[in-house]
Amino acid sequence: MRDLAYLKLLSKEYPTIKEATSEIINLSAICALPKGTEYFFSDLHGEYAAFIHLLKSASGIIREKIRLTFGHLLSEEEQVCLANLIYYPVKNLDSLKKQDGYTRDWQRITIYRLVQICKEVSSKYTRSKVRKKMPGEFAYVIDELLHVDYDDENKELYYSEIIHSIIENDVADKFIIALCELIQNLTIDNLHIIGDIFDRGPRADIIMNELMNFHDVDIQWGNHDISWMGAAAGSVACICNVLRIAISYNSFDILEDGYGINLRPLSMFAARVYQDDPCSRFVPKILDENIYDAVDPGLAARMHKAIAIMQFKVEGAIIKRHPEFLMNDRILLEQVNFDKGTVTLEGREYPMLDMNFPTVDPKAPLTLTEEEETLLRTLRASFMHSDLLQRHVKFLYSHGDMYKCCNSNLLYHGCIPMREDGSFDSITAGDGVYFGRSLMDYFNTQVRNAYLMPEGSPHKQWGLDLMWYLWCGARSPLFGKSKMATFEHYFIEDKSTHKEIMNPYYNLSVKEEICDRILTEFGLPREGSHIINGHVPVKLKDGETPVKAGGKLFIIDGGLSKAYQATTGIAGYTLIYNSHHLALAEHKPFHPDQESTPKVHVVEKMKSRVMVADTDIGQELKCQISDLKALVAAYRAGDLKERTK
């Protein structure tokens, strides 16, 4: 018998045997349905247009549903037109009206076809779940059309009359848009973002808006996300890093138009301090043109250099505060010989490519000038008072974590830090030693402390410093490299100094036994479980594959960011997990005016169809069913009395 006090609480929601048994039947029926389709994306890096297209098209699955439903009736061109209508209904309807193609016959045929696609993508859900996703204005009508009995002549006439009435009353365009959006909504049941929403691409803020409007999404933070989260929480080092990367990729629109960050103080400072310096090492990469905030490349280069020098100073101060980070070799401003124009790195002296440092005191190179301190206080206030940035970061906290275990899949962005012998690497913090899962849990707590603890508290400052460490520390599970060679890229010509050595995890994790060790550490079964992460672009053009360790490891960073596409040869991956199989969608570089349906390859077939009962949600439903059965037993035994109206 369940605890009677708990059953009394449950009885308030189900006050009679009839209501409790009705819910048991409902939950049992849901358990017998096929599981919903999960989509896994990684390393979006601000590429909002490409990502939104992948969401709207369900990474090519909607196109596949059209082929399966109408491939025998429609030409390839007609199928593409129907797919594009579903992805972008408003744009395509406007275009059709201008071309005089928006006839009543077209409306009738199109509504019929959309209803058929909607039937196909809604078939694995309960009728009530589908109805909840319908727009209120048309919910009754759509529900009727989805459940027409074609063998009943009266119903068929009823169906035709509904469509006729929609067209006659001039609401066909609204109805078509509603159907298209419902198809998009139903095709993806759960969305998993395996980190790095921010940086490099033009508008991560637009991606965040899209994610906040999505019905079921979780996020595993990447090091670029953590950097923005740290900036929003007040970390000056993270603020410098966010600004440096955004300026280096010419991403002024996200800073000023997107988040309202006031860059005028920085631009005035840089223009004056570096007025005679071409800052040729700091000219930004222009992968995307700014629409709202075009900045002269010469001024952008000066701003880039100014914020980079401030970043090296404040990072050096963090490293000095925390010798436990073991990063003293990264305080490179102190290794510069200002008389000789060289820098000492790992015991070897290299010539500097740039020695114009008007704000650096050779005797105290990490000391900020008074003007730099004032500027950083101003920038910090701008980040902390950006309403949209703070809303986005709160969403990253409420829907995000360092890792997630979901339906026998372990999701994390980068790595689980390891030693060469395959054991888990550890960090010592306070009185604790953390490694494997405990390391991820520890960082999870500290990241939250950085944002939630009151200003000025030691817990907050420690959390902020750890967020910077997560960005670039050697034992950071979000970074997983020996160093962040930013300084070397700017100032040392010898490319051997630019190399960032990967954590042993990346070589070891291609072995099944290592993946099994990690899965066991996180409490997942070895059989049938997978590790899914991103962070390291898979170079398909060099023969690399995203599927490793005998199918136990998926690395799905394939280069959605334009900055990586020359290296990878493709434009990223979507991992799709439905009730039948795991499949990889291989993206093409996105061009708005070109058809770009990904190639979808099934990489693992399920031994039997996966039902809701087999999922984590199914386990929760089974617990609820068990509780409800206990409630019914308590009613029947007289331990609780039914409450009738």
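Quick caveat, the model's predicted, so the values are computed rather than measured.
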*Looking only at heavy atoms, which two atoms of Ile194 and Gly534 are closest? And how far apart?*
CG2-N, 4.2 Å

*Does Lys56 pair with Glu181 as a salt bridge, N-O distance under 4.0 Å?*
no

*Under 6.0 Å from the CD atom of Glu493, do we count more than 12 heavy atoms belonging to anything else shown?*
no

*asked:* One pair to check against salt bridge (Lys or Arg N to Asp or Glu O under 4.0 Å): Asp401 and Arg448. What are the steps and the verdict?
replied: CA-CA 10 Å; Asp401 280 292; Arg448 295 181 190 284; 2.8 Å; yes

*Give the intermediate values and the outcome of ring pair (Phe, Tyr, Trp, His ring centres under 6.0 Å) for residues Phe487 and Phe312.*
CA-CA 8 Å; Phe487 187 98; Phe312 295 139; 5.3 Å; yes

*Take Leu182 and Lys133 through the side-chain contact (heavy atoms from CB on, under 4.5 Å) test and state the conclusion after the steps.*
CA-CA 7 Å; Leu182 180 59; Lys133 291 176 180 286; 3.9 Å; yes

*asked:* Looking only at side-chain N and O atoms, does Asn449 offer a donor or acceptor that is under 3.5 Å from a partner on His459?
replied: no

*asked:* His192 and side-chain hydrogen bond (donor to acceptor under 3.5 Å, both in side chains): which single residue from Asn409, Asp216, Asp218 fits?
replied: Asp218

*Without swapping roles, check the side chain of His224 against the backbone of Asp199 for a donor-acceptor pair under 3.5 Å.*
no

*Answer yes when Asp205 and Arg203 have at least one side-chain N-carboxylate O distance shorter than 4.0 Å, and no when they do not.*
yes

*Can we say Asp616 and Lys404 salt-bridge, meaning some charged N sits less than 4.0 Å from an Asp/Glu carboxylate O?*
no

*Specify the closest pair of heavy atoms between Leu396 and Trp221, including all atoms of both residues, with the distance to one decimal.*
O-NE1, 2.9 Å

*asked:* Run the side-chain hydrogen bond (donor to acceptor under 3.5 Å, both in side chains) test on His413 and Asp196 for me, step by step, so that the C-alpha distance in whole Å, both residues' side-chain angles and the decisive distance to 0.1 Å come before the verdict.
replied: CA-CA 8 Å; His413 175 68; Asp196 279 0; 3.1 Å; yes

_For His53 and Tyr87: C-alpha separation, side-chain torsions, deciding distance, then whether ring pair (Phe, Tyr, Trp, His ring centres under 6.0 Å) applies._
CA-CA 7 Å; His53 178 74; Tyr87 308 158; 5.5 Å; yes

*asked:* Please determine whether a side-chain nitrogen of the Lys or Arg among Arg302 and Asp277 lies less than 4.0 Å from a carboxylate oxygen of the Asp or Glu.
replied: no

*In terms of ring plane angle, is the pair Phe435 and Phe424 parallel, tilted or perpendicular, where the classes change at 30° and 60°?*
parallel

*Could you tell me whether a side-chain N or O of Asp225 sits under 3.5 Å from a main-chain N or O of Ile197, the two making a donor and an acceptor?*
yes

*Should we count CG of Leu299 as having more than 12 external heavy atoms under 6.0 Å?*
yes

_Is the distance between the ring centroids of Tyr469 and Trp462 under 6.0 Å?_
no

*Could you tell me whether Lys305 and Asp354 have a side-chain N and a carboxylate O separated by less than 4.0 Å?*
yes

*Ionic contact status for Arg330 with Glu488, cut-off 4.0 Å*: yes

